[in-house]
Amino acid sequence: ATEMYEVVSPALFEVYLTFPDKMNNMRGLQDLMVEHVRSISGLDGVTPTVGNVVQKYKFAERHHASAGPDKTSLELTLTYTLNLNNAHANYIYNLLRKWYDLIYNPQNGQTLTKRDYAGGSIMRIFEHDRNGAIWRKITCLNFFPSTPPTGLNEDNYDSTGDAKTVSITF
């Protein structure tokens, strides 16, 4: 208590996205994406678990760590608040939907390659203190949406003070 250590706050983080090369014409919206991030989950996946190997001899067991981690990829879910621009376009949702449509576009059945939907994409996650000193940095390369954006399926008269949100998993 006398050391004046700072608490680690879950609200002090920033997420920066660089879109895949196929979406170069949307790069101007990258800065707006930072302003709309409300939450990110799945960060425990940065440190993967290592499995357990069991050897048995009669009634005895010996346990060892497996040769490698159980999983070497992350599954991160980001939640964004939504705004309409001056043209009344839901630009955050539209951008995320356009990105997911590079994987599979349900309107025309088009599917593209990983080079198109992930090539050049970068996600940088910074966790910091109140002064901005970074204590953890996570970088994900060539990532892509694994789900379409969700969260627009319900409206509610009781939530008049809340901004509508959309979530997407990468």
Side-chain angles (χ1 to χ4, degrees), residues 1-20 23 26-55 60-85 90-97 99-100 118-170:
T2 61
E3 296 295 329
M4 301 295 181
Y5 292 152
E6 188 67 27
V7 67
V8 175
S9 173
L12 297 175
F13 71 98
E14 294 182 21
V15 179
Y16 295 92
L17 302 180
T18 301
F19 303 135
M23 295 177 63
M26 307 297 278
R27 298 266 166 137
L29 293 174
Q30 289 176 161
D31 293 338
L32 285 175
M33 297 291 286
V34 174
E35 298 173 12
H36 287 276
V37 173
R38 293 296 306 146
S39 67
I40 184 169
S41 63
L43 295 173
D44 282 343
V46 171
T47 307
T49 58
V50 176
N52 190 21
V53 176
V54 179
Q55 285 183 319
E61 289 185 355
R62 289 184 289 190
H63 295 263
H64 306 275
S66 66
D70 293 335
K71 188 175 181 180
T72 59
S73 61
L74 286 174
E75 189 170 283
L76 301 174
T77 300
L78 277 77
T79 301
Y80 292 92
T81 56
L82 298 176
N83 283 357
L84 301 178
N85 63 14
N90 190 340
Y91 56 92
I92 296 294
Y93 174 80
N94 292 344
L95 179 68
L96 295 172
R97 183 71 225 190
W99 193 349
Y100 186 77
S121 61
I122 304 170
M123 180 188 304
R124 291 182 179 92
I125 304 160
F126 300 98
E127 295 177 277
H128 54 83
D129 67 9
R130 291 184 198 200
N131 293 326
I134 297 169
W135 63 269
R136 181 161 82 158
K137 177 181 176 182
I138 301 165
T139 302
C140 304
L141 303 174
N142 298 320
F143 71 101
F144 56 91
S146 59
T147 65
T150 59
L152 296 180
N153 65 337
E154 182 180 333
D155 289 323
N156 185 338
Y157 285 118
D158 293 330
S159 60
T160 57
D162 300 328
K164 197 159 194 131
T165 61
V166 67
S167 295
I168 190 164
T169 300
F170 295 96

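Everything numeric here is computed off the predicted structure, so don't read it as measured data. If you read the sequence from its start, that first residue is 1, and numbering goes on from there. Computed over heavy atoms, backbone and side chain alike; hydrogens, waters and symmetry mates excluded.
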* Asked: Heavy atoms, side chains only, cut-off 4.5 Å: are Arg130 and Leu12 in contact?
  -> yes
* Asked: Roughly how far apart are Asp162 CG and Asn156 CG, rounded to 0.5 Å?
  -> 9.0 Å
* **Within-4.5 Å side-chain heavy-atom neighbours: Leu96 and Val166** => yes
* Begin from the C-alpha positions of Ile40 and Thr77 and carry the test side-chain contact (heavy atoms from CB on, under 4.5 Å) through to its verdict. => CA-CA 6 Å; Ile40 184 169; Thr77 300; over 6 Å; no
* Asked: Would a line drawn from the ring center of His36 to the ring center of Tyr91 be shorter than 6.0 Å?
  -> yes
* To do: Mind checking the OG1-CG spacing from Thr150 to Leu152? Nearest 0.5 Å is all I need.
  => 8.0 Å
* Asked: Less than 4.5 Å apart, any side-chain heavy atom of Cys140 and any of Leu76?
  -> yes
* To do: Any chance you could measure Ser39, atom OG, to Tyr80, atom OH, to the nearest 0.5 Å?
  => 10.0 Å
* To do: Assess the side chains of Thr49 and Asp70: does a donor N or O sit below 3.5 Å from an acceptor N or O?
  => yes
* Asked: Taking the six-membered ring for Trp, is the centroid-to-centroid distance between Phe144 and Trp99 below 6.0 Å?
  -> no
* Neighbour count >12 (heavy atoms, 6.0 Å) for atom CG, Asn52 -> yes
* Under a 4.5 Å cut-off applied to non-hydrogen side-chain atoms, are Leu32 and Leu29 in contact? -> yes
* Asked: Does Ser146 use its side chain to pair, donor to acceptor, with the backbone of Thr169 at less than 3.5 Å?
  -> yes
* Check: Thr165/Thr79 side-chain N/O donor and acceptor closer than 3.5 Å -> no
* Structure fact -> When rounded to the nearest 0.5 Å, the distance separating CG of Leu84 from OH of Tyr93 is 13.5 Å
* To do: Could you check Gln55 against His63 for side-chain contact (heavy atoms from CB on, under 4.5 Å), going step by step and ending with a plain yes or no?
  => CA-CA 6 Å; Gln55 285 183 319; His63 295 263; over 6 Å; no
* Is the shortest heavy-atom distance from the side chain of Ile138 to the side chain of Met123 under 4.5 Å? -> no
* More than 12 heavy atoms from other groups under 6.0 Å of CZ on Arg136 -> yes
* Euclidean distance, Lys137 NZ relative to Arg124 CZ, rounded to 0.5 Å -> 6.5 Å
* **Non-hydrogen side-chain atoms of Arg62 and Val54 separated by less than 4.5 Å** => no
* Decide yes or no for Tyr16 and Ile122: does some side-chain heavy atom of the first lie under 4.5 Å from some side-chain heavy atom of the second? => no
* **Heavy-atom check, side chain of Leu95 versus side chain of Met23, under 4.5 Å** => yes
* Asked: Does Asn131 offer a backbone N or O that forms a donor-acceptor pair with the side chain of Asp129 under 3.5 Å?
  -> yes
